[in-house]
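Written below as structure tokens is the structure these notes are about.
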Amino acid sequence: MSSYTPFRKIFKDVSLEVEDLYLLESFQIEMLPGTADRDLAVVLWAYPSIKHFLVKKCPSVVDLIESILKQYSPAEDEQELKKCSDNLVWTIADWLVYSKCPEAYDKLDFHSWDFREVTIITPLDGRVVVDGAAGTGRVTLEAARTAGRVYAIEPVARLRQFIRDKALEAFLNNIFVIDGFLHAMPLPDNCADVLVTSHALGWHLEKELREFERVVKKGGYIIHCPGTADIPDEEAQHLRLISPDWGYDFSVYEESDGWKGKYWKQL
Ligand SMILES: C[S@@+](CC[C@H](N)C(=O)[O-])C[C@H]1O[C@@H](n2cnc3c(N)ncnc32)[C@H](O)[C@@H]1O
């Protein structure tokens, strides 16, 4: 789960405030309980309108939110409220930055990994490519320069618009940006030649891996550059990907902050 400390450094030019919580998408609100519950409770006690917004936008969290409010009491003073508000927004800073200032996310150094890491596995020329969890569209735009069509799947509305704007600026008319999740892609069976994910995998790993194999044609490629080093959670993901059940090949590639794992398979 996100920790506020690295985000303060990563997004040092960004300012976040409690009202930015109104930018959350319903799938993010669903993941909010369990993230920073004490801070969340203090904020919701102080700002009932934010609580209303969260439960209206994502009704399934109502019971969890009520139980967090029962567990924690309101702030004792303004200083405590300020501290909890600040902790909360910086704990989920990535989610807020996606919608508040996608350009700040787009500028991060990690985007500069060499896209030939994908094209040495398979050329994209004239192909139908899917960029799953497309973010600000780094992979989408790189792919669209040679691919026939690129479908960018991204659940955050502001990011989808950001990709569309970038495509327009770059005169790329072969990019189709669609709302969706890795585990539920609004695409027909066997429609893609290549599916790529970058810095995005494992919210629902097994469902996602099945979904990729539904969408990609026989003979097509699935390529993941999750940008992860080997911390325990991701070690489990690594073992699953290379297991005989899923059969991904594995190698490493370099990003701005070190070596990362890369996974791919041909169906
Ligand atoms: C760390 S960013 C990576 C974005 C982009 N692929 C890149 O390399 O910059 C993760 C992205 O996944 C999106 N996301 C979060 N949960 C998702 C899910 N379950 N399915 C698809 N995308 C998801 C987020 O909105 C965000 O844009």
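Start at 1 and go down the list; that is how both ligands and their atoms are numbered. Heavy atoms only: backbone and side chains are in, while hydrogens, waters and symmetry mates are out.
- There is no path of hydrophobic side-chain contacts, each under 4.5 Å, that joins Leu141 to Leu168.
- Between Arg158 and Glu25 there is no salt bridge, since no side-chain nitrogen of the basic residue lies less than 4.0 Å from a carboxylate oxygen of the acidic one.
- Using a 4.0 Å cut-off between charged side-chain N and carboxylate O, Arg214 and Glu211 make a salt bridge.
- Annotation: Phe181 is not in aromatic contact with His204 [ring centroid separation under 6.0 Å not met].
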What are the distances between nitrogen or oxygen atoms of ligand 1 and protein nitrogen or oxygen atoms, counting only those under 3.5 Å?
from	atom 1	to	atom 2	distance (Å)
ligand 1	6 (N)	Ala133	O	2.7
ligand 1	6 (N)	Ser198	O	2.7
ligand 1	8 (O)	Ser198	O	3.1
ligand 1	8 (O)	Ser198	OG	2.5
ligand 1	9 (O)	His111	NE2	2.9
ligand 1	20 (N)	Leu182	N	2.9
ligand 1	25 (O)	Glu154	OE2	2.7
ligand 1	27 (O)	Glu154	OE1	2.7
ligand 1	27 (O)	Glu154	OE2	3.3

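- For Tyr221 and Trp264, the ring centers are positioned 6.0 Å apart or more.
- In the model, Tyr47 has no side-chain atom that pairs as donor or acceptor with a side-chain atom of Ser85 under 3.5 Å.
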